[in-house]
*Asks:* 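Before anything else, here's the structure in question.
Just so we're clear, the structure is a prediction, and the values are computed from it rather than from any experiment. Protein chains get the first letters and strands the later ones, always in sequence-line order, with residue 1 at the start of each.
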Protein chains: 2
Amino acid sequence: MPARLAWGLTPGDGCTGLNKEADHQKRRQRRTTSYDVARVAGVSQSAVSRVFKAGASASAEMRQRVQAAAKKVGYRPNAIARGLITQRSNMVAVVISRMTNLYYPELLMQLTREFSHHGIRVLLFTLEHESEIDSVLEQMLQYQVDGIVTAAMLNREQLALIDEAGIPVALYNRRSRDGLASAVRCDQEEGERWLVTQLVEAGHRRFAIISGPEDSTVSVERTSSAVQKLAELGIQDVTVVGGDYSYQSGRLGFAAIAKQLGGPPDAVIAANDVMAIGCIDAARQECNLPVPDALSVVGFDGVGPASYAAYNLTTVKQPVERMTQATVAMLLERIRDPQLPPEERIFAGTKVAGGSARLLT
Amino acid sequence: MPARLAWGLTPGDGCTGLNKEADHQKRRQRRTTSYDVARVAGVSQSAVSRVFKAGASASAEMRQRVQAAAKKVGYRPNAIARGLITQRSNMVAVVISRMTNLYYPELLMQLTREFSHHGIRVLLFTLEHESEIDSVLEQMLQYQVDGIVTAAMLNREQLALIDEAGIPVALYNRRSRDGLASAVRCDQEEGERWLVTQLVEAGHRRFAIISGPEDSTVSVERTSSAVQKLAELGIQDVTVVGGDYSYQSGRLGFAAIAKQLGGPPDAVIAANDVMAIGCIDAARQECNLPVPDALSVVGFDGVGPASYAAYNLTTVKQPVERMTQATVAMLLERIRDPQLPPEERIFAGTKVAGGSARLLT
DNA sequence: GGCGAGCTGGCATTCGCATTCAACCGCGGT
DNA sequence: ACCGCGGTTGAATGCGAATGCCAGCTCGCC
């Protein structure tokens, strides 16, 4: 018989007071538990549990008594203990990397918001280097998260590890591998093709590209589909310089392009908006080149600063809100029914014909 | 005697295989526990626990055997169960509101990074409306977080509630109330006084202010200290219009000011950088006013876009990195020793004499 | 050879809640 | 009067790891 229960059944006497006093000193603070509520309400602990569990059977009178007692003693169910017994933590892990990219904060906020509407909390993990993934993964699994949303690359072994643990994964803007995970992504190929087509039709011929980090699949997709579409339209010699998604790398990217070409190109395609902005600033400030009159620049993402009047970027905006909603919905479905097969959803980007490129229309 | 232990001591036979099979079907998946490791290693569960607990006494041989067994069965300590018994979740809650402000994402990333270096995970809570605080607070407490960092306002009752639960709190850019919480903040008064002084000394006389939301203490501090310093320097009639920290509200703010004054002022003091940027864009685009030649604009925060060449804001940059480090350090100290009194640390901002204002130097 | 100190490892218990199982209470049907 | 059924309630058990306590063992020193 649990000691606590015995104590609960013992009528309060002087000794109890002393014990309480000692407890206070030893531990930081005895938390009030469902047993405390039960004692005050004069019912069993199971009854308390039932009242606090939605959809459990309990009479109206029982509910009232328990709730009154709970309020009186300041009871709050312990989510940790609940998680241990129900095998469900009601937490999902969100993995984000590359915070230089303005796009991620928005994503994160939306995800948190959306999950919270479903009673689920977000445990946040950020990556400084790709190499950290393994240790972060380990952490997530130890915390028994119910699901994982990742905007970072996971390799086959990592996905397999998670799958083995029976935790559903949703990849954000990453292609699903081996059908081990669900995925939500923006159709970047189509977006880039649109940008390229518009630029070529408007008469641009000398193209340059500022790519993102080499290990970013997003960048690789964007860059290669731009190169490919250019080739289709008869443009072969495209200068490609590397960036890291940051403003500064956009500036340096433009300088590198100008140097490599011995002068400015007709158009620069940046792998994201922030680099496009850097590129525009460098062109204007350092080479005194008006944008878009002498140089067209396009980006990708549609982040906040893209629409600042000074830039007014021509870009493709990702439908972040719809994408996060889809991510959350898909993950929740698979948490409820782990048998459900993974799914991939692809959203078209919104074409934004801003003022940073000379287009026909 | 626990059934599991009995099973553990029973030598494996045909029946075991069947049971495992059945288990697989019934529950989603029997997680491998320390008992499993113990069985494989031929030691007790407590031994396994000790090996996985840093600083516990265990012989070298024991460590090896246990670790080998653990790797073999793919064991991973369950952080939830550990949290239940140790009364420590190794999670802190971070509360963020107002995501229109570019400043918060940076803060959040830094905090997560810093906490992770100390083996602590961040449970993220975002606020859409102030009214949500109470329910969010309840969530945090249920999840037994070890500490709370909040960049949102908490009132006296809310702070008292947390204090009662024995959870240390660190306020970010908020003044500590009643000594119930630690606080880290940037000396915004001093920052604003510097901005104002510089502007006045450079000859500006007609001033306007774009404030943040009324319920933002940060905005109130910034705005009122600017007004006060202006008064000290003999400038009384200051136009103040309200904004919400967003780019758009900066644009609208400038329009409102121009309308109210019947023309542009000499200088605009915005309560944050993003509104300053909006203000500059509106002035340039809609009124064809060159900045800083015809109009000086200053901001606050020192967020990324503030240093974009098109704006090159004159502003005060918050030392985010030092502030987050201080926040984390203070919170961890108080988690380790709850008796420690709260503390308030104030950091001076970095004065950035950019190019969006005409200053003497 | 004997004895005490210092480790080690095992047993049993505990954290707080959910859930199973059995008991129980009415109540309507036969 | 008896049976059975739906609806409640309480006692007991278990989730998975940490830990106090004790027994056993090793080692050293007299």
*Asks:* Between B:Q142 (CD) and C:dG16 (C1'), how many Å, whole number?
*Replies:*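 Between C1' of C:dG16 and CD of B:Q142: 13 Å.
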*Asks:* Counting only side-chain nitrogens and oxygens, does A:Y143 get under 4.0 Å of the OP1 or OP2 atom of D:dG16?
*Replies:*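 So the side-chain polar atoms of A:Y143 never come under 4.0 Å of the phosphate oxygens OP1 or OP2 of D:dG16.
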*Asks:* Starting at CD of B:Q87 and ending at C1' of D:dT19, how long is that distance when rounded to a whole Å?
*Replies:*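 B:Q87 atom CD is separated from D:dT19 atom C1' by 13 Å.
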*Asks:* Please round to the nearest 0.5 Å and tell me the distance separating atom OG1 of B:T126 and atom CD of B:E132.
*Replies:*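 One gets 7.0 Å once the value is rounded to the nearest 0.5 Å.
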*Asks:* Of A:T150, A:V95, A:L123, which is the lone residue that meets side chain to side chain contact (heavy atoms under 4.5 Å, CB included) with A:M140?
*Replies:*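 For A:M140, the side chain to side chain contact (heavy atoms under 4.5 Å, CB included) check succeeds only for A:V95.
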*Asks:* Expressed as a whole number of angstroms, how long is the span from A:R65:CZ to D:dT8:C1'?
*Replies:*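 Going from A:R65 (CZ) to D:dT8 (C1'), I get 13 Å.
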*Asks:* For residues A:Y172 and A:V94, determine if any side-chain heavy atom of one lies less than 4.5 Å from a side-chain heavy atom of the other.
*Replies:*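 Not touching, per the 4.5 Å side-chain cut-off.
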*Asks:* Of the nucleotides D:dA11, C:dG9, D:dC15, which one has an atom closest to the side chain of B:M62?
*Replies:*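 Ranking D:dA11, C:dG9, D:dC15 by closest atom to the B:M62 side chain puts C:dG9 first.
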*Asks:* A:R88 has an atom CZ; how far is it from atom P of C:dC17, in whole Å?
*Replies:*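 Distance, rounded to whole Å: 20 Å.
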*Asks:* When the distance from CZ of A:R63 to C1' of D:dT8 is rounded to whole Å, what number comes out?
*Replies:*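 From A:R63 CZ to D:dT8 C1': 11 Å.
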*Asks:* Think A:S49 has a side-chain N or O under 4.0 angstrom from the OP1 or OP2 of C:dA18?
*Replies:*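 Looking at the OP1 and OP2 atoms of C:dA18, one of them is under 4.0 Å from a side-chain N or O of A:S49.
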*Asks:* Write down the distance between CG (B:D36) and C1' (D:dC15), rounded to a whole number of angstrom.
*Replies:*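 Nearest whole value for this atom pair: 13 Å.
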*Asks:* Nearest to the B:L84 side chain among D:dG10, D:dT13, D:dG16, which nucleotide is it?
*Replies:*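 Within the option list, the nearest is D:dG16.
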*Asks:* Let me know the distance between OH of B:Y35 and C1' of D:dC15, rounded to the nearest Å.
*Replies:*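 About 10 Å, once rounded to whole Å.
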*Asks:* Please pick, from D:dA17, D:dA18, C:dT19, the nucleotide with the shortest atom-to-atom distance to any side-chain atom of A:T86.
*Replies:*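 Selected nucleotide (nearest to the side chain): C:dT19.
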*Asks:* Which of these nucleotides, C:dG10, D:dA18, D:dT8, is closest to any side-chain atom of B:I85?
*Replies:*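 That would be D:dA18.
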*Asks:* Is any side-chain nitrogen or oxygen of A:K53 closer than 4.0 Å to OP1 or OP2 of C:dC17?
*Replies:*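 No.
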*Asks:* If you pin B:S44 and A:N78 to their nearest nucleotides in DNA chain C, which one's is more 5'?
*Replies:*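 Result: B:S44.
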*Asks:* Of the nucleotides C:dC17, C:dT19, C:dA12, which has the atom closest to the B:Q45 side chain?
*Replies:*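 Selected nucleotide: C:dA12.
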*Asks:* Is there a side-chain contact between B:L161 and B:L141 in this structure, where contact means two heavy atoms from C-beta onward sitting under 4.5 Å apart?
*Replies:*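 Side-chain contact under 4.5 Å: yes.
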*Asks:* Rounded to the nearest Å, what distance is computed from the CD1 atom of residue A:I80 to the P atom of nucleotide D:dA18?
*Replies:*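 Interatomic distance, CD1 of A:I80 to P of D:dA18: 14 Å.
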*Asks:* Which nucleotide in the list C:dT20, D:dG14, D:dA18 gets nearest to the side chain of A:R50?
*Replies:*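 Of all the options, the side chain of A:R50 is nearest to C:dT20.
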*Asks:* Between A:G42 and B:S46, which residue's closest nucleotide on DNA chain D lies nearer the 5′ terminus?
*Replies:*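 Result: A:G42.
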*Asks:* Below 4.0 angstrom from OP1 or OP2 of D:dT9, is there any side-chain N or O of A:S59?
*Replies:*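 Result: yes.
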*Asks:* Find the distance between NZ (A:K53) and CZ (A:R82) and round it off to the nearest 0.5 Å.
*Replies:*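 Interatomic distance, A:K53 NZ to A:R82 CZ, rounded to 0.5 Å: 7.5 Å.
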*Asks:* Using a heavy-atom cut-off of 4.0 Å across all strands, would you classify B:V43 as base, sugar-phosphate, or nothing?
*Replies:*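 Answer is sugar-phosphate: B:V43 comes under 4.0 Å of backbone atoms only.
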*Asks:* Do A:T324 and A:R113 come close enough that some side-chain heavy atom pair is under 4.5 Å?
*Replies:*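 A side-chain contact under 4.5 Å is absent here.
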*Asks:* Out of D:dG16, D:dT9, C:dC17, which nucleotide sits closest to the side chain of B:A81?
*Replies:*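 Within the option list, the nearest is D:dG16.
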